[in-house]
Amino acid sequence: MLDIQLLRKDAALVAERLAARGFAFDAARFDALEAERKTIQTRTQDAQSRRNTLSKQIGMLKGKGEDTAVVMAEVAGLGDELKQMEARLSALQAEISDFLMEVPNLPHESVAHGLDETANVEVNRWGTPRSFDFAVRDHVDIGERLGQLDFAAAVKITGSRFSVMKGGLARLHRALAQFMLDMHTGEHGYTEVYVPYLVNADSMRGTGQLPKFEEDLFHVPRYASQECTDVDKLYLIPTAEVPVTNLLRDEIVAVEALPLKFVAHTPCFRSEAGSYGRDTRGMIRQHQFDKVELVQMVRPEDSYAALEALTGHAETILQKLGLPYRKMALCSGDMGFSAAKTYDLEVWLPAQNTYREISSCSNFEAFQARRMQARFKVGQGKPELLHTLNGSGLAVGRTLVAILENFQNADGSVTVPEALHPWMGGMDRLIPA
RNA sequence: GGAGAGGUGGCAGAGUGGUCGAAUGUACCUGACUCGAAAUCAGGCGUAGGUGCAAGCCUACCGUGGGUUCGAAUCCCACCCUCUCCGCCA
């Protein structure tokens, strides 16, 4: 959510900056709503004030045993009108809040202008894509030839866009998550957290998934055999960002506690509505996948340095695994709803002969913090909104795909990167059965 | 699943219709005393919004949402959460 004070002061400027990301901000509507709100609020509060004064008088008179008829008569007329004004005011405030909740974050000044991914800027590349002296297979072929990746079984059990892994591949998947967690806790100073995979609507609003992106989410009724009204829905998390960032919702922490750095390994659930034709083959786009997520809460002045550091933490994983990648600075139109600045890390996939997103690292500035009232306090000072950041470190399923494709051998086996050996129980290759 | 108790300021804890945004204790901040500290004493000490150049004034908030009333922390309804006992369970 944007700062309403900023909108009141300069809606035109905000509209201009939002246009850079392809969002049409209706400044006229905002101004009209605000003007009416202001009038109604002032009038309502005046009426409330009068009622309170008169009611106190009644209390005093009764205390002294005097007659209250005159005052009672005066206050009697106030009731209906006041009720109407209060209703109108709260309707207006809800309208303004709904309006604001659908406005995306302002892009940081360093973000390139552009409306889609073609305007993204490559920041750097790491590693050299390997050249193969045999025909490369994609991860689906490799996994199925190993006899360790089974999409047919997943379709039978659940449906499309799920997968079943077995044996060494399942272990490799687990090893990846363990390796990432151990790196981030041991080397990068993050605190591991375990969090719920089902969250309430307030949490989804806090990080910005709601109200705009309901269709991307899976949800369940809070109780079995219950009609699903909004309040009674629990949502499956689309990323650990949601439960982890919401740890700070409605909290005020001492400035000494910052920065807070959390890492969580969770499954993620996405309905992938509207992407029916894309990445239908393989594990690239699944309804359920695992991810190790990095989350930071920092002082506002530190958040851009923290974004660089956090992105670096994700890059370290790719480097240790020996996976070639490139770092992209997203343009204004390609960033997520809540982000002020985002770097995507894209890993090299030989079978697709291209780089594919494996991590997305964003600074949300105070956008999420304002929605969820996540604040810090210096000494006895006034609470201030902190800045939130997060990034994948990394998406486990896609990392697995990258390993299968980059480290495949002519005989159908796959070499396990050395960094993962401690978690592989002596297994250094996956070999077809 | 059954039975009961309860949700009040950072914490503890009063308050069952009328100057209650809320006693008291404690923590915290400022000042006095002290070489310094402790102890003691005095004052301060929630969040959000509106209005004003400002001092300030006003409004809302006692788990959440409704309702009754001139007036609700207090009464009524629904929901959420916590705790205790029994049952069940990884």
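Chain identifiers are assigned alphabetically (A, B, ...) following the order of the sequence lines, protein sequences preceding nucleic acid strands; residue numbering begins at 1 within each chain.
- Checking A/Asn105 against A/Ser338 by side-chain atom types alone, no donor-acceptor pair falls below 3.5 Å.
- Note on A/Arg50: nothing from the nucleic acid sits closer than 4.0 angstrom, heavy atoms only.
- Closest-nucleotide positions on RNA chain B for A/Gly59 and A/Met72 were compared, and the one nearer the 5' end corresponds to A/Gly59.
- Taking the six-membered ring for Trp and the full ring otherwise, the centers of A/Phe269 and A/Phe162 sit at least 6.0 Å from each other.
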Please list, for nucleotides 28-30 of chain B, all pairs of protein and nucleotide N/O atoms separated by less than 3.5 Å.
residue: B/C28; atom: O2'; partner: A/Gln380; partner atom: NE2; Å: 3.0

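- To the nearest angstrom, P of B/C57 lies 19 Å from CD of A/Gln41.
- Looking at heavy-atom distances under 4.0 Å, A/Lys83 makes contact with sugar-phosphate atoms alone, never a base.
- A distance of about 12 Å separates the P atoms of B/U64 and B/A73, rounded to the whole Å.
- No contact: A/Arg370 has no heavy atom under 4.0 Å from any strand.
- With rounding to whole Å, A/Glu34 atom CD is found 9 Å from B/U51 atom P.
- Partners of A/Pro422 by side-chain contact (heavy atoms from CB on, under 4.5 Å), not counting sequence neighbours: none found.
- Residue A/Ser49 places at least one side-chain N or O under 4.0 Å from the OP1 or OP2 atom of B/U59.
- Using a 4.0 Å heavy-atom criterion, one finds that A/Arg37 contacts the sugar-phosphate atoms exclusively.
- A donor-acceptor contact under 3.5 Å is not formed by the side chain of A/Lys56 with the base of B/G18.
- The C1' atoms of B/C79 and B/U30 are separated by 45 Å, rounded to the nearest whole Å.
- Residues A/Gln368 and A/Thr245 bring no donor and acceptor atom of their side chains to less than 3.5 Å of each other.
- Sorted by first and then second residue, the ring-ring contact (aromatic ring centres under 6.0 Å, His included) pairs involving residues 356-375 of chain A (not counting sequence neighbours) are A/Phe337-A/Phe367.
- Between A/His188 and A/His184, the ring planes are tilted. Angles from 30° to 60° get that label.
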